[in-house]
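Here's the structure we're looking at; comments come further down.
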Amino acid sequence: MSTASLDSSNAKYRAKFIHNHGQKPSLTMITPSSLIGSLYRLYPLLIITDCALSNLMWICDDLCLPFVYLVTFTLAVNILEPMDSIGDGSLWRQWNFNQVKEYAVNTWFGLTSVMFLFFSFIYYVQSVYHDISHTEQPTLDDIIVVLESVLDKLETVRKEVLMHGLQINGWLSLIKTILIMTPIQLILMKYISVKLYTILSVLVLGLYHSTWFQATFKLFWRILLVRKFYYYFYYIFNKNCISKFPILDLFDLIKHEDLIISLPFTKTLKGLEDNRLKLFIQKLYPQDSSFKGLTKDWQNKNSIKILDVKIQENQRKWHPDGWTSKLVSYERSPYSIEINNKIYSALAPSDMGKLIPEGWQWLDNEWHCTVWSYSNTDWEFTGLNESLEGCTRSKIWSRRLFHL
Amino acid sequence: MSEVSEKGLIRHFFTRRYEKIVDSLIVNEIEDTASNSNRDLIHTITASLINASIEKYKRDKSASTDASSDQGSESSDSFWKDENFKQEYELDTPPSTSLPEGDGSLKGEHQPKEHFLDIFVDKLISKIVPEKLPEREQFSERVLSPDLKKHQPISASTLGRNMGKLGSKMTAMFDMQETVIRLITWRNPSGTVTLLISMTMLFYNPIILLLLPLVTLMYMVMIPGYIHRHPLHRAIYPSRTSYGRSLLEDIASSGPSNAWYPNNTLVESLNELQSGDSGATSNFSDTNSVSHSMAVVMNLRDVQNITTSLVQVSQATDKFIYGAAGFKDERRSTILFFTCFLATGCLWALAPYINWSFFFSFNTWLILICIHPNIREHLLKLMESDKVEEGRKALEKKERYDVILDEKPEVKHVEIFEILEQGITPHHWKFYKFSNQVFDPHDQYRKLQQPPPGVDNLKDIEPPRTWYFDENAPWEVDPNAKKWSEERGLNLTISGQYLVDDQFKRRRLTRRVLRFARPANKPQI
């Protein structure tokens with residue numbers, strides 16, 4: 001009440017956020033009793049899962065606990081080393097007292113850590129069951145809150161796992177991945193021991209979902225150099241739909257059959273001179289009209305070929321300078337043409353008209369351009385107005401050529 | 001005699017009683033949180049004034065009760081009595097001390113009377129600040145250990161007294177600071193070289209750091225103490241003029257003509273006084289006291305300087321923490337993070353292959369040589385040259401495009417209610433207001449028969465602070481009136497998009513708002 005009146009006294013009247021946690025009808029009356037029963041039996045498991053996920057994501061109350069667990073996990077990996085050496089017999093062949101002593105200490109620490117982890121897990125589970133049985137019974141809403149918390153955390157974990165890393169789509173990229181990763185893995189195994197490999201994996205797994213790790217990821221993603229590296233590898237595994245070279249000019253464009261439309265060379269057109277013919281076609285098909293219903297059969301000798309050149313001018317918003325035509329090296333060029341869902345670099349409209357292939361003439365007197373359409377950083381359309389979401393924008397310059 | 005004591009007793013009783021009443025009044029005043037803050041402050045100050053005058057009155061009457069706090073300082077004075085010279089101290093002490101204790105009034109008279117203002121400030125502080133201050137640890141760790149509680153009420157006079165005592169004792173500390181500055185700025189070249197050599201030794205053999213306190217204790221504290229008591233007579237014959245100069249000092253000060261010497265007029269004058277005619281001995285105690293009070297004032301000035309530089313350092317730190325490291329400028333902070341990350345990685349990888357002893361000692365030598373006044377001048381000239389500036393500008397220009405800030409903005413939705421008023425006929429509705437309030441029959445404004453706060457035009461509505469409307473998403477009517485009315489617990493008739501009552505109907509409009517980032521943190525002042 002008071003905030004609203006404060007708002008009104010100011011010159012600006014501000015809208016309020018929609019809060020989604022409004023009054024909800026109680027679930028107790030509408031939920032079947034069998035479901036309530038099974039949910040109640042599930043409650044301790046939910047609490048344990050929730051706790052495990054909070055530890056994995058480092059969002060529990062006591063941040064030192066996940067650290068202690070992580071260290072004990074890495075210590076537990078120490079058991080692997082003596083096993084390695086005993087396995088290939090090197091331990092017994094080269095009998096060295098100091099080495100054996102070191103192994104013994106490591107193994108002792110490893111076993112103690114395993115025992116500690118095991119017992120702390122058992123103790124926690126036991127204490128959860130004990131606490132639930134000795135305190136007030138949870139209501140259905142309590143259970144639902146924990147369930148929602150678990151689901152939300154699982155969703156975050158899923159998103160974080162899928163967001164980063166190279167996505168593998170299709171058999172070809174799978175084979176490529178195997179072909180590239182196998183030698184890397186072999187080289188790694190040659191220089192890194194199983195123990196170190198496991199310790200590194202445990203560390204990465206343990207830290208991956210922490211806010212520090214994720215925030216570092218995001219900050220690194222801002223660095224252009226990192227992105228260039230990423231996309232370099234990305235395009236090895238995925239089809240690149242951007243072709244930067246060669247930069248297409250009109251000579252290249254007339255070779256692309258898909259861009260050319262044939263106009264039947266009717267009797268009415270036959271008697272017309274160049275200029276009058278141009279005016280007639282212009283009248284028949286104004287610049288912003290489409291050539292719907294016309295064939296793309298340009299083999300037909302008795303037809304007028306029309307090439308509709310549509311050049312996209314692309315810009316990106318940079319933090320210090322605003323909109324500039326400087327684009328990132330892995331994305332499209334400042335001027336591009338889209339042919340069959342593939343984006344090619346093209347000359348700027350002003351340069352495009354300098355050299356015209358023989359027999360071709362401009363149908364339109366000048367270039368016609370649309371308004372800017374804004375898109376996000378991946379060139380996905382967001383709207384025709386500039387907003388915080390729009391990091392890139394493009395507009396289309398179009399002009400037509402014809403050939404008798 | 002009995003009459004007098006009876007009178008005193010009654011007066012004492014009344015004083016106590018009066019104090020209790022005033023105290024309870026003050027407590028009531030302070031606990032009364034409903035009144036506004038200004039009035040509170042005035043009340044507190046008045047109460048403190050009254051209390052202070054009572055306190056002053058009480059202290060004047062019974063000074064003995066307060067003497068307990070000064071017993072500590074007295075006992076510390078007795079510490080300085082030398083066991084070898086007991087007889088001298090016994091002669092010096094006035095006979096009054098041999099009197100049996102209990103006559104505290106004598107002692108009280110020796111105490112300097114506290115100024116009224118001091119008492120007033122003390123009272124004021126004790127009224128404003130809760131008497132039982134929580135220990136620092138309780139703030140940070142919520143550990144409630146009964147042993148840790150030391151309820152020492154905050155007092156301006158204690159603080160001032162402590163400062164006064166420390167003020168005269170801090171000479172050594174500031175001397176030390178001055179020495180370090182002299183060494184770093186090459187005012188004492190041989191000292192600087194000695195420092196550098198000892199630092200090099202320390203870097204190559206860090207265990208020296210552990211031995212240093214022991215050696216300092218032995219040779220800087222104990223041996224001088226011993227020599228003071230049992231002087232080893234070394235005859236030094238001072239010559240009137242000194243011949244020859246040291247090569248090291250001449251190199252460091254680039255010849256005797258350019259040498260920098262501190263302005264030692266005070267020392268010289270003191271020397272003159274000391275070594276002058278015999279008549280000066282009477283003035284000596286004067287000069288001594290002057291220099292002592294001077295030292296106190298100088299120390300206080302140095303304390304002030306230290307606090308000023310502390311404030312500057314804290315301000316600079318704040319600027320760094322909330323500016324460069326706080327993502328106020330996203331691009332710069334990102335680059336800083338990336339650089340730090342790379343540096344950490346490189347250090348981690350290279351650390352085992354670096355000779356740290358050499359690294360540190362070499363750099364210390366290098367830095368101190370660069371700091372030398374003559375060399376620093378040249379370096380500064382070199383740094384200010386145009387080429388460096390040009391290089392920096394070129395680098396900055398290149399850096400502009402190495403960070404992409406294209407993260408998806410935060411998305412939320414805002415709502416506004418379009419309220420319509422019933423016209424003459426039941427089917428005739430006219431626009432009333434755009435408002436945050438639903439304006440249902442229980443609305444306070446409606447009960448007062450006032451229009452709710454709001455605007456008449458949708459364009460006048462602003463997004464919440466720090467947010468922007470998505471220009472590509474216009475206001476949209478929420479078609480599901482049932483949902484939002486249920487969420488608010490409203491039990492009104494639903495007619496299409498509208499929620500209708502006998503006089504008004506309203507529908508909800510929603511719009512997308514965006515925000516790139518939350519505003520950067522600011523230091524708490």
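Excluded from the calculations below are hydrogen atoms, water molecules and symmetry mates; all remaining heavy atoms, backbone and side chain alike, are included. Proteins come first, then strands; the chains are lettered A, B, ... in the order of their sequence lines, and each starts at number 1. For clarity, every value in this text was computed on a predicted model and none was experimentally measured.
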Tell me whether the rings of Phe220(A) and Phe338(B) are parallel (<30°), tilted (30 to 60°) or perpendicular (>60°).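 Rings of Phe220(A) and Phe338(B): perpendicular, over 60°.
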Hey, does the side chain of Ser210(A) reach the backbone of Gly206(A) with a donor-acceptor pair shorter than 3.5 angstrom?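 Here the side-chain-to-backbone pair does not exist.
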I need the residue from Cys391(A), Gly383(A), Ala15(A) with the largest number of non-hydrogen atom pairs under 4.5 Å to chain B.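 With the most close heavy-atom pairs to chain B, the winner is Ala15(A).
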Less than 4.0 Å between a side-chain N and a carboxylate O, is that true for [Y] and [X]?
X	Y	answer
Lys326(A)	Glu331(A)	no
Glu330(B)	Arg222(A)	yes
Arg14(A)	Asp460(B)	no

Donor + acceptor pair across side chains of Trp372(A), Glu386(A) (<3.5 Å):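 Result is no, nothing qualifies.
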Given that the side chain runs from C-beta out, which part of [X] has a heavy atom under 4.5 Å from chain A: side chain, backbone, both or neither?
X	value
Arg515(B)	backbone
Pro463(B)	backbone
Ser435(B)	both
Ile416(B)	side chain
Phe341(B)	side chain
Trp484(B)	neither

By a 4.5 Å heavy-atom criterion (distance strictly below it), what part of Phe17(A) contacts chain B: side chain, backbone, both, or neither?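 Contact with chain B: backbone and side chain both.
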Quick one: what part of Thr392(A) sits under 4.5 Å from any heavy atom of chain B, side chain, backbone, both or neither?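 Neither the backbone nor the side chain of Thr392(A) comes within 4.5 Å of chain B.
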Does NZ or CZ of Arg506(B) come closer than 6.0 Å to the centre of the six-membered ring of Phe417(B), within 45° of the ring's axis?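 So Arg506(B) doesn't make the cation-pi contact.
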